[in-house]
*Asks:* 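Here's a structure for you.
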Amino acid sequence: MSVLMRQKSELISAIETAIQAALDKGDLVVESVPEVGLEVPREKQHGDFASNIALVMAKPAKKAPREVAQIIVENLPTAGVIRDVEIAGPGFINFFLSNDWLYDTLRTIEKEGEAYGNCEHGAGEKVLLEFVSANPVGPMNVVNARAAAVGDTLARMMNAVGYAVDTEFYVNDAGNQADIFARSIEARYQQLTNPDYPFPEDGYPAAYVQELAEVLKKERPDLLDLPLEERLAFCKRWGTDKMVEMQKADLQAYGVEFDLWFRERDLHARGALEAVIDILRQRGLLFEAEGALWFKSTQFGDDKDRVIVKSDGSYTYVTADIAYHHDKLQRGFTKLINIWGPDHHGYIGRMKAAIQALGYGEDTLEVLILQYVALLRDGQQVKMSKRAGEFITMQDLVDEVGKDAARFFFLNRSPESHLDFDLNLAVEQSNENPVFYVQYAHARISSILRQGRELGIEVPTCSEVDLSLLQHETELDLLKQLAALPEELLTAALLREPHRLTRYAMDLAGLFHSFYTACHILGEEEQLRAARLVLVANIRVVLRKVLGLLGVDAPEQM
RNA sequence: GCGCCUGUAGCUCAGGGGAUAGAGCAUCGGACUUCUAAUCCGAGUGUCGCAGGUUCGAUUCCUGCCAGGCGCGCCA
């Protein structure tokens with residue numbers, strides 16, 4: 001349990017004891033005591049902790065809130081860490097504590113290092129997190145970039161709080177789009193020797209297809225010797241493999257590595273679709289109509305039933321996806337999390353239905369819907385058309401603003417909010433970007449420690465220094481912020497809200513910068529210097545930890 | 001028509017049944033002979049989209065409406 005949580009539960013029991021004492025004396029009369037809430041108030045002058053219990057109890061106790069608060073306060077145990085208690089506002093009980101508990105935070109960080117803030121909440125539950133899963137027929141876009149940042153950091157956060165998360169990229173290399181892609185490459189290949197060769201009406205006109213054809217010509221100059229069908233099959237496999245390679249490289253440069261790139265074509269090759277259809281058939285969940293085979297997904301709350309095998313005998317996208325999710329479940333994952341774009345929200349119902357049809361609970365599958373990213377340039381939305389080959393790719397974005405800024409920018413917003421990404425702002429004011437603010441705090445501390453070492457001053461351990469010398473307001477603020485990490489991290493992971501961590505990082509960096517301006521370290525007398533060295537060294541550990549979760553570099557100097 | 005998301009400062013966005021609703025950017029003042037001024041200190045702005053409801057208390061929860069985005073395929 002973290003220092004903060006321990007302190008909170010200690011206070012809560014003190015309040016509960018006080019209430020019980022008041023009940024025993026008959027000062028308060030209620031049928032049942034509500035749960036005691038305790039929070040760190042937004043305003044510092046409202047104390048280290050505050051409880052609204054008196055407001056909640058006022059009605060059942062049939063007394064004014066402030067009166068209830070007064071009775072509770074009178075019955076509070078006097079010993080312990082509580083330095084002062086006040087009743088404020090409509091009836092809040094504000095607690096002011098001695099600082100001792102804050103110093104424990106430094107001892108904890110020293111002991112745990114970058115594992116500080118981690119916990120075992122997930123109890124090792126096997127979670128599969130699938131995200132990006134962009135079609136292997138072209139470069140990734142900015143929504144993919146957003147998904148990559150959110151998914152990757154979510155995986156890191158969940159691992160930190162005790163889940164066993166695997167990340168996966170589903171490669172949709174067996175569908176219509178892959179066929180169109182193959183025909184596009186094939187046509188461009190033909191055109192290298194026969195300019196009049198027709199390009200498919202629905203083909204991808206973008207330049208990269210042309211470039212692929214040229215590469216293919218060098219690799220396989222004899223391709224036209226193959227019959228058309230084999231030629232297209234080759235283009236499909238070769239082309240999607242090329243795209244996967246490119247996507248993999250782009251994501252790696254972005255700091256995202258998947259545990260597994262799962263190929264749809266492997267599902268087909270091993271008969272997984274037929275197998276899962278059999279299961280549904282045996283459960284009586286299929287029926288034939290209009291020449292097609294349907295899955296009774298409405299039986300599990302879906303809007304309408306879904307076609308599983310089309311009237312031409314081919315499978316729909318959902319069939320492969322059911323087989324894929326079945327595969328995930330068979331691999332022992334008990335929680336499946338998918339991150340999708342907003343255009344897929346209508347897809348949730350049928351996949352949850354499928355999960356249930358396979359015998360698992362509805363909540364086994366959790367879908368996070370990310371909202372769109374609009375790119376703005378010169379105040380105008382950048383119009384993108386895949387057909388015309390005009391779009392800003394993920395790689396363009398990363399080249400323009402950098403990995404760290406791009407990731408931080410995406411992570412800094414709540415996943416379900418629509419996002420306007422102002423390219424001018426990101427480029428022109430890259431020095432003003434919050435990510436640099438946080439990184440600069442890390443660099444500044446690194447610099448202090450470096451210069452200390454040059455002077456022969458090492459960072460002492462907590463046990464060697466008098467931590468109670470840390471009395472400056474900015475120091476106490478910093479200690480409180482450090483103490484808040486474990487709870488913040490757990491909340492962020494459980495709510496799937498990475499943006500809580502970017503806020504945390506900016507707040508911590510801001511408090512450090514204020515401290516840096518107000519207080520000196522290396523020039524102070526030995527005792528104080530030692531205590532402050534411990535403080536900043538531990539701040540650096542926490543900054544590094546949080547930046548690591550965000551997938552952002554922690555530079556030693558800038 | 002039905003479903004999902006959004007509506008908070010000039011802009012981009014946080015927050016959230018409770019105390020005086022916040023941050024960054026932008027604007028305007030200050031602060032470097034001292035560990036990095038990519039920093040700090042200070043200044044101003046709000047009908048929390050609108051209207052009802054629940055509540056001791058609503059910007060937060062509920063309902064309706066308005067506005068914007070997206071989706072409702074034997075596409076993926």
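Reminder, nothing fancy here: chain letters follow the sequence lines and each chain counts from 1.
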*Asks:* Hey, is CD on A/E556 packed in by over 12 heavy atoms from elsewhere, all under 6.0 Å?
*Replies:*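 Correct, the count exceeds 12.
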*Asks:* Looking only at atom C1', what distance separates B/rU8 and B/rU59, rounded to whole Å?
*Replies:*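 Each nucleotide's C1' atom is 8 Å from the other's.
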*Asks:* Can you check nucleotides 67-70 of chain B for protein contacts, nitrogen or oxygen pairs under 3.5 Å, and list what you find?
*Replies:*
residue	atom	partner	partner atom	Å
B/rG68	N2	A/H418	NE2	3.3

*Asks:* Nearest whole Å is fine: how far is B/rG15 C1' from A/E39 CD?
*Replies:*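 Rounding to the nearest Å, CD of A/E39 and C1' of B/rG15 are 12 Å apart.
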*Asks:* Using atom OH of A/Y437 as one end and atom P of B/rG24 as the other, report the distance to the nearest whole Å.
*Replies:*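 It is 7 Å, rounded to the nearest whole Å.
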*Asks:* Tell me if the side-chain of A/S311 makes a donor-acceptor pair with the base of B/rC74, cut-off 3.5 Å, by modelled atom types.
*Replies:*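 Side chain to base: pair found, below 3.5 Å.
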*Asks:* Rounding to the closest angstrom, what is the interatomic distance between B/rA37 and B/rG30 at atom C1'?
*Replies:*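 Looking at atom C1' only, B/rA37 and B/rG30 are 13 Å apart.
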*Asks:* With syn defined as a glycosidic angle within 90° of 0 and anti as the rest, where does B/rC32 land?
*Replies:*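 Here B/rC32 takes the syn form, which means its glycosidic angle is within 90° of 0.
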*Asks:* Evaluate the criterion side chain to side chain donor-acceptor pair (under 3.5 Å) for residue pair A/T517 and A/S514; output intermediate values, then yes/no.
*Replies:* CA-CA 5 Å; A/T517 305; A/S514 295; over 6 Å; no
*Asks:* Considering all heavy atoms of both residues, which atom of A/V142 and which atom of A/I392 are nearest to each other, and what is their separation?
*Replies:*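 Heavy atoms only, the tightest pair is CG1-O, 4.1 Å.
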*Asks:* Counting any heavy atom closer than 4.0 Å, what does A/A518 reach on the DNA or RNA strands: base, sugar-phosphate only, or nothing?
*Replies:*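 No contact.
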*Asks:* As a test of reading the structure: which of B/rA19, B/rG18, B/rC5 is closest to the side chain of A/L55, going by heavy atoms?
*Replies:*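 Out of B/rA19, B/rG18, B/rC5, the nucleotide with an atom closest to A/L55's side chain is B/rG18.
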*Asks:* Let me confirm one number: the CG-CD distance from A/D179 to A/E186, rounded to the nearest 0.5 Å.
*Replies:*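 A/D179 atom CG to A/E186 atom CD measures 12.5 Å (nearest 0.5 Å).
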*Asks:* Considering every strand and a 4.0 Å limit on heavy-atom distances, what is the contact class for A/L419: base, sugar-phosphate, or nothing?
*Replies:*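 It contacts sugar-phosphate atoms only.
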*Asks:* How long is the line joining CZ of A/F409 and C1' of B/rC13, in whole Å?
*Replies:*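 About 9 Å, once rounded to whole Å.
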*Asks:* Mind checking if A/E290 touches a base, just sugar-phosphate, or nothing, with heavy atoms under 4.0 Å?
*Replies:*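 Here A/E290 touches the bases of the nucleic acid.
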*Asks:* Paired with B/rA37 by Watson-Crick or G-U wobble geometry, both distances under 3.5 Å: which nucleotide is it?
*Replies:*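 By the stated definition (distances under 3.5 Å), nothing pairs with B/rA37.
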*Asks:* Specify the separation, in whole Å, of atom CG of A/L286 and atom P of B/rC74.
*Replies:*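 In whole Å, B/rC74 P and A/L286 CG are 16 Å from each other.
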*Asks:* Take A/K328 and A/E168 through the test salt bridge (charged side-chain N to carboxylate O under 4.0 Å, His left out) and record every step on the way to the result.
*Replies:* CA-CA 10 Å; A/K328 290 180 182 174; A/E168 220 157 285; 5.8 Å; no
*Asks:* Look at all strands and tell whether A/R500 reaches a base, only sugar-phosphate, or nothing, counting heavy atoms closer than 4.0 Å.
*Replies:*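 The residue A/R500 makes sugar-phosphate contact but no base contact.
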*Asks:* Give me the distance, rounded to whole Å, that separates B/rA9 from B/rU45 when you measure between the P atoms they each carry.
*Replies:*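 B/rA9 and B/rU45 have their P atoms separated by 14 Å.
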*Asks:* Would you mind building the protein contact string for nucleotides 29-35 of chain B? One character per nucleotide, 5' to 3', B for base within reach (heavy atoms under 4.0 Å), S for sugar-phosphate only, - for untouched.
*Replies:* -----BB
*Asks:* As an exercise, state the distance from CG of A/L479 to CG of A/L470, rounded to the nearest 0.5 Å.
*Replies:*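 A/L479 atom CG to A/L470 atom CG measures 6.0 Å (nearest 0.5 Å).
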*Asks:* Take the protein atom CG of A/N338 and the nucleotide atom P of B/rA76, then report the distance between them rounded to whole Å.
*Replies:*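 Distance check: A/N338 CG to B/rA76 P gives 18 Å.
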*Asks:* Is a donor from one side chain sitting under 3.5 angstrom from an acceptor on the other, for A/T240 and A/D173?
*Replies:*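 No, A/D173 and A/T240 have no side-chain donor paired with an acceptor closer than 3.5 Å.
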*Asks:* Got more than 12 heavy atoms from elsewhere within 6.0 Å of CZ, A/R237?
*Replies:*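 It does not: A/R237 CZ has 12 such atoms or fewer within range.
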*Asks:* If you only use heavy atoms from C-beta on, which nucleotide in B/rA19, B/rU20, B/rA76 is closest to the side chain of A/N176?
*Replies:*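 Selected nucleotide: B/rA76.
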*Asks:* By nearest atom, which of the nucleotides B/rA76, B/rC13, B/rA19 is closest to the A/P41 side chain?
*Replies:*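 Of the candidates, B/rA19 comes closest.
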*Asks:* Expressed as a whole number of Å, how far does the C1' atom of B/rA21 sit from that of B/rU47?
*Replies:*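 Those two atoms are separated by 14 Å.
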*Asks:* With a cut-off of 6.0 Å (strictly less than), are more than 12 heavy atoms of other residues, nucleotides or ligands near NZ of A/K62?
*Replies:*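 Atom NZ in A/K62 is not crowded, with 12 or fewer foreign heavy atoms closer than 6.0 Å.
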*Asks:* If you measure from the ring centre of A/F92 to the centre of the six-membered ring in the base of B/rA19, is it under 5.5 Å, with the planes under 30° apart?
*Replies:*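 Yes, aromatic ring over the base.
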*Asks:* A/E488 CD to B/rG15 P: how many Å, rounded?
*Replies:*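 It works out to 10 Å between those atoms.
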*Asks:* Please determine, for B/rC32, whether a Watson-Crick or G-U wobble partner exists with both distances under 3.5 Å, and give it or none.
*Replies:*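 Paired with B/rC32, as far as the under-3.5 Å criterion goes, is no nucleotide at all.
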*Asks:* With a 3.5 Å cut-off and no angle check, do the side chains of A/N338 and A/H344 form a donor-acceptor pair?
*Replies:*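 Judged by distance alone, the side chains do not pair up.
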*Asks:* Searching all strands shown, indicate the nucleotide that pairs with B/rC61 (Watson-Crick or G-U wobble; both distances under 3.5 Å).
*Replies:*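 When the pairing criteria are applied, B/rG53 turns out to be the nucleotide that pairs with B/rC61.
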*Asks:* Checking only heavy atoms, does the side chain of A/N412 share a donor-acceptor pair with the base of B/rA23 at less than 3.5 Å?
*Replies:*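 Flag unset: no donor-acceptor pair detected.
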*Asks:* Checking all strands, does A/D179 fall into the base, sugar-phosphate, or nothing category for heavy-atom contacts under 4.0 angstrom?
*Replies:*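 A/D179: no heavy atom of the nucleic acid under 4.0 Å.
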*Asks:* Step by step, work out the salt bridge (charged side-chain N to carboxylate O under 4.0 Å, His left out) result for A/K480 and A/D507.
*Replies:* CA-CA 11 Å; A/K480 284 177 193 168; A/D507 289 345; over 6 Å; no
*Asks:* Measure the spacing between CD1 of A/I348 and CD of A/E366 and express it to the nearest 0.5 Å.
*Replies:*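 So the CD1 of A/I348 and the CD of A/E366 are separated by 10.5 Å.
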*Asks:* Which whole-number value in Å describes the distance from A/M506 CE to B/rG15 P?
*Replies:*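 Whole-Å distance recorded here is 11 Å.
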*Asks:* May I ask you to verify if any side-chain N or O of A/S414 is less than 4.0 angstrom from the OP1 or OP2 atom of B/rA14?
*Replies:*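 The answer is yes; a side-chain N or O of A/S414 sits under 4.0 Å from OP1 or OP2.
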*Asks:* With side chain to side chain donor-acceptor pair (under 3.5 Å) as the test, would you mind laying out the steps for A/D404 and A/Q439 before giving the verdict?
*Replies:* CA-CA 10 Å; A/D404 288 340; A/Q439 288 179 319; 3.0 Å; yes
*Asks:* Which nucleotide, in any strand shown, forms a Watson-Crick or G-U wobble pair with B/rU27, with both distances under 3.5 Å?
*Replies:*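 Its partner is B/rA43.
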*Asks:* Counting neighbours of CD on A/E35 that are heavy atoms of other residues, nucleotides or ligands and sit closer than 6.0 Å, is the number greater than 12?
*Replies:*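 Not buried by this count: 12 neighbours or fewer within 6.0 Å.
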*Asks:* Look at A/K310 and B/rC75 and indicate whether a side-chain polar atom (N or O) is within less than 4.0 Å of OP1 or OP2.
*Replies:*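 True: A/K310 side-chain N/O within range (under 4.0 Å) of B/rC75 OP1/OP2.
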*Asks:* Does A/Y324 place a side-chain N or O at less than 4.0 Å from the phosphate oxygens OP1/OP2 of B/rA76?
*Replies:*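 No.
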*Asks:* Between A/S514 and B/rU39, does any side-chain N or O lie under 4.0 Å from OP1 or OP2?
*Replies:*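 Answer is no, no contact under 4.0 Å.
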*Asks:* Starting at atom CD1 of A/I369, determine the distance to atom P of B/rG3, rounded to an integer number of angstrom.
*Replies:*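 In whole Å, B/rG3 P lies 17 Å from A/I369 CD1.
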*Asks:* What nucleic acid atoms does A/A292 come within less than 4.0 Å of, heavy atoms only: base, sugar-phosphate, or nothing?
*Replies:*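 Answer is base: heavy atoms of A/A292 come under 4.0 Å of a base.
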*Asks:* Are A/H499 and B/rG15 close enough that a side-chain N or O sits under 4.0 Å from OP1 or OP2?
*Replies:*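 The answer is yes; a side-chain N or O of A/H499 sits under 4.0 Å from OP1 or OP2.
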*Asks:* Which is true for A/A50 with a 4.0 Å heavy-atom rule: it touches a base, it touches only sugar-phosphate, or it touches nothing?
*Replies:*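 Here A/A50 touches the bases of the nucleic acid.
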*Asks:* Tell me which nucleotide among B/rU12, B/rU6, B/rG18 gets nearest to the side chain of A/R413.
*Replies:*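 So the side chain of A/R413 is nearest to B/rU12.
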*Asks:* Considering every strand shown, what is the Watson-Crick or G-U wobble mate of B/rA14 when both distances are under 3.5 Å?
*Replies:*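 Answer to the pairing question: none, since B/rA14 forms no Watson-Crick or G-U pair.
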*Asks:* When the P atoms of B/rG7 and B/rG44 are compared, how many Å lie between them, rounded to an integer?
*Replies:*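 So the two P atoms sit 27 Å from each other.
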*Asks:* So what does A/E454 touch, heavy atoms closer than 4.0 Å: a base, only the sugar-phosphate, or nothing?
*Replies:*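 The residue A/E454 makes no contact with any strand.
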*Asks:* Among B/rC72, B/rU6, B/rA76, find the nucleotide with the atom closest to the side chain of A/K304.
*Replies:*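 Nearest to the side-chain atoms of A/K304, counting from C-beta on, is B/rC72.
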*Asks:* Which base, if any, makes a Watson-Crick or G-U wobble pair with B/rC70, both distances under 3.5 Å?
*Replies:*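 The answer is B/rG3, by the H-bond criterion.
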*Asks:* Taking atom P in both B/rA67 and B/rG17, what distance in whole Å separates the two?
*Replies:*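 Comparing P positions in B/rA67 and B/rG17 gives a spacing of 29 Å.
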